[in-house]
Asks: 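The following block contains the structure, expressed as C-alpha cells.
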Amino acid sequence: MEAFITIKSLKKSFKNSKKPVINDVNFSLKKGSITAIIGESGSGKTTLTRLISGLETPDAGSIELNSKVVNDETTFIPVEKRKVGMVFQDYALFPHLTVAQNVSYGIANKKDKKQRVFEVLQLVDLVGFEDRYPHQLSGGQQQRVALARALAPKPELLILDEPFSNLDVVLKLQLRNEIFTILKTEGVTSIFVTHDTQDAIAIADTIIVLKDGKIVQQGSVDTMYNHPKTKYVAALFNPIHLFSEEDLSFFNFKTSKDKTYAIRIRDFSIDSTADYTIKTKITRSIFLGNHYMNVVMLPNNTAINFHTEQELHGKVNVGFFKTAILEFDI
Amino acid sequence: MTTLIIISFIAIPILTIFFRLFYGPGETWDHIVKNLLLDYSLNSLFLINGCTILTLAFGVSSAWIVSRYSIPFQKYLEWMLILPLTIPSYITAYAYAGFFDYGGSLELLLESVGISGVKLNITNIFGLIFILSVSLFPYVYVSARAVFLFQSGRLIEASKNLGVGERKTFFKIVLPIARPAIIGGLILVLMEVLNDYGAAKYFGVNTFTTGIFRSWFSLEEPATAVYLAAILLVIVFAIIYFEKLQRRNKNYAITTKSDIKTPKINLRKRTRFVLSAIVCIPVFFGFILPFLQLVYWSFLTYTEVASASFFTIALQSLGISLLAAFLTVFIAIILIYVPRWNRISWLKNSSSIAIIGYAIPGAVIAIGIMIPTLQLDKWLISTIKELFDTNVGLIINGTIIVLLYAYIIRFLAVAYNPIEASQLKIGKSLSESSKLLGKGNLYTFFKIDFPLLKVGLLSAFILVFVDVMKELPLTLILKPYDINTLAVKSYEYASDELIMEASLPSLCIIFTGIIPIILLNKLILNNDKK
C-alpha cells in the first residue's frame, strides 16, 4: 500500500538545548494504520508530533501528508490548514464551552454540524452529555470528549499525545480498548505518543522507538518483541539481564569482543537440558501472586532474577537455551 | 487574638463611616445634592466608562501582541509596558497639562518646525480619561498577559488544530478564557480612577473624591464628607460585587500542565514593525512623553527646587515609606501565619476582610480614621484634664502614627497577596516536618518559612514602599504639619501654579519606583530559574 505519511531527514533544535531534539528522522506510515511513537521523556516524541501537526516548524527535512507536501524548504502549510487532529495530553478542552460546543468547534460545514456532533458523541458513548461543561466531567469522559472533538472535522491524520497519562489503571485499560475500536471504526490514520510499552502493544499496528531524537527501530509489535535491534529496545519491551563477559563465562558461554549479550528474564530456566547452565544456590524465592521470583548470585556477586511457577530452595541448575540469547553490537 | 485585633483596627474606618451616617449630613448637603451630586455621579460614571474602554484597548492589545507574536524589541517592550505605573497619574496629568499648555512644549516644538496657532485644551474630562488610561492600563496588560502566556497556549493550539484561524480563535477562545483575569485588572484600574484626587483636581473635574476634599477642607463639614464617602464606598462595593458575579461559574480551572511553550508567531517584517509600533503607543503616551516633559522641566528648575529643605522632604518621604512598608509586611505576616498556627479556620476567611483596604479610596480611609482618632483625642484630653488638671493638645491626631495606620489599611492587600502566594507555593509539608521534628512555630517560621519566603517578602516590601511614595490623597489629609512627602510637595507646587517646579519631586518618585521594579523583575527571574 502507498505511504500516507512520509517524513524525510527531519531536524529540529531549540534555542536553549545544545543537542537537536529531532535528529534526522525518516519514516513512512500506511493509510489507516495506528502507529505508536514510544520513548522516554526528552526523547523528542512530542516534538515530532508537533512538527507533523504544524505547531512547530522544523529546521530541515520534509513532511508529506496524503501525497501533499505540507512542509519542506519552500512550503509551510499552517496548522489550521493541515487537517491533522490532535488529542492533547491534558485534553485542552475549552473550559467555557459545553461538550457539544467543544465538539462542533472545528466542524466547518454548518449544515452537517448537528449530525456530525451526534455521530461522534455516539462513537465515544457520550450522547446525553451535550450540555455539560468540561469541569462537570470525569477524567475519562474528558478524554473521550477530546477524542470526539478531534475526530469531528474528519482529520486526515489523528495524533494522540500521551492519551492515557492522566488516567488511573482501571480506566486506562478500559479506554485503551475503546479507543482502539473507535480509531478502527473511523478508519483514521493515527499516531499516538506514549512512554508505556503496554499502551503501544495494545493499540498499535506499528511501533516507532525514539531515543535522543533518533529512530532506534520501527516495526510491528512482533518485531520489537522478538527481534529488537538494540538492548534499549529489548529492555523496553521485556525485562532483560545485561551480561558482562565474566558473567557469561560462569555459564560456559563464549563471547565475542564486539558484542554485548542479554537474556530476557522470562527466558531463564531450571531445565537441566538448557544449553548453558550454572549450579548455584537460591538466595530468595518470593511469591508474587501468580509466580515466584527467584534470586541467585553468580560467583562474582552479580544477582540474577528469574521466574518459576513453584518455590525453589537449595542448589539448582539455572541456565538458558541458545535461542534465548540476544546479541547486540557494542 | 492578635489577628482579631488587627482585623478590628482595619474595620474601624468603614464602620465609622457607616455609623456616622446616622448622625445626619451637614448643612451644605442639600446644596450638594441639588447642585453637585449629579455632576459627581455623571463625571464618575463617565470616567469609569471612558477608562474601561481605553485601558482595555491599550492593555489587551499590547498583551496579546507581546505574548503571541515575535516582534522587534520584544524583551524591552514587555517590561516598558509596565513603566507607566511608576508615574502617579496626578504627575502624568501635570506633565500633560504643561505639554499642551499655552506656551508649552507642544507649541514650542510645533513652532520650531514652522507651525503655529495649534492649541489643544486637555484639561477637561476627556483629557482626564486619556491620562488616567495611559497611566493605569498596565494593570490590564499585566493580568491579560499572564493568561495569554501561561493559560491559553494549549487551547490556542487545540483551536488551530481544529482548523480554526487566528481571529476566530482570539474571539471565541482566548478572550472568553482571559475575561475574568482581564476584568480583575480592570477593577484595579477603576479603584485607582475612583481614588484619584490629584489629576481630577488639577483638571477641574468634579468627582466624589474631590467632593470629599472640598466638603472637608473648604466647607469644613466632615458630616457631608462622610455622606459622599459612603456613596463612593457603595460604588466601590458595587464594582467588587459585579466582579465577583462575573467570576462565578466562570472561574475556569485550566488544567493545562504542559511544559511546552507555544512558539511565538513569526510575521512578515512589515507587519512585525506595525505591531511594535502599536505596542509603543501606550508606552509613549503613558511613560516616555510625560517623563521627557518632567526631565525638561527639572533642567529648567533644579537650581531653585533642589534646596536643603527639598532633601529633608525626600528623606522624610523615604523614611515614612520604608517604615510603612516594614510595618505593613509585618502585619501581613501575622495575618497569614497566626490563624494557621492556631488552626482557626474562620479567622483565615476573615483575613480576606483585612485586605479590602486597597479597594477603598484613600480619602475615605482618611475620613474613617480621622473621625475616631479625633474622638479618642478629645476623650484623652478631657481625661488628662480631670486627672492632672493640665491642658494638652491633640495627642494622636496629626502624628505620624495615624498616617502609618492609614497606610497599613490602604496597602495591606499589596503586601498580603505576594506573601500569601509564596506561602502557598511552599506548602504545608515543610513546616509540618519541622514541627514533627519538635520545633515550635516561631522557630519553624524563622528557620524554614522565612528563608523560603524571601522573594515574596521582598516583593511585598517593595510594592508597598513604591505605593506609599506615590500616595497623595490620604497623605494630604493625615500627614503631620511638620512632615512633608515628595508626593505632597509636587501636588503643592502644581496647585500653586508652579508646575515646572513640581517636576523634580515627581522625578524622584518615578525613580524610586523604577529602580525597585527592575530589581524585583531580576529577582523573580532568578528565583524562577532556580
Asks: Inspect the surroundings of CZ in A/Phe14 and state if more than 12 heavy atoms from other residues, nucleotides or ligands are less than 6.0 Å away.
Replies: yes
Asks: Determine the minimum heavy-atom distance between A/Gln89 and B/Arg154, stating which atoms define it.
Replies: N-NH1, 4.3 Å
Asks: Return yes when atom NZ of A/Lys113 has more than 12 non-hydrogen atoms of other residues, nucleotides or ligands closer than 6.0 Å, and no otherwise.
Replies: yes
Asks: Is A/Ile159 close to B/Asn161 at the side-chain level, that is, under 4.5 Å between some pair of heavy atoms?
Replies: no
Asks: Take atom NZ in A/Lys184; do more than 12 heavy atoms of anything else shown fall under 6.0 Å from it?
Replies: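 Yes, NZ of A/Lys184 has more than 12 neighbouring heavy atoms, counting only those of other groups under 6.0 Å.
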Asks: By a 4.5 Å heavy-atom criterion (distance strictly below it), what part of A/Arg149 contacts chain B: side chain, backbone, both, or neither?
Replies: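 Both parts, backbone and side chain.
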Asks: To the nearest 0.5 Å, what is the distance between CG (A/Asp90) and CG (B/Leu155)?
Replies: 8.0 Å
Asks: Report yes if the side chains of A/Phe94 and B/Pro176 come closer than 4.5 Å at any heavy-atom pair, otherwise no.
Replies: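 No, too far: nothing below the 4.5 Å cut-off.
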Asks: Which heavy atom of A/His96 sits nearest to which heavy atom of B/Lys172, and what is that distance?
Replies: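 For A/His96 versus B/Lys172, the nearest heavy atoms are NE2-O, 2.7 Å.
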Asks: With the side chain counted from C-beta on, respond yes when B/Val164 and A/Glu80 share a heavy-atom pair under 4.5 Å apart, and no when they do not.
Replies: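 Result no, sub-4.5 Å side-chain heavy-atom pair not found.
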Asks: If you round to the nearest 0.5 Å, how far is CE of A/Met86 from NZ of B/Lys160?
Replies: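 So the gap between those two atoms works out to 15.0 Å.
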Asks: So what's closer than 4.5 Å to chain B heavy atoms on A/Ala108: side chain, backbone, both or neither?
Replies: neither
Asks: Just checking, B/Lys168 and A/Tyr105: is the charged tip under 6.0 Å from the six-membered ring centre and within 45° of the axis?
Replies: yes
Asks: Against chain B, label A/Ile107 side chain, backbone, both or neither, depending on which of its atoms sit under 4.5 Å from a heavy atom there.
Replies: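 Looking at A/Ile107, nothing touches chain B.
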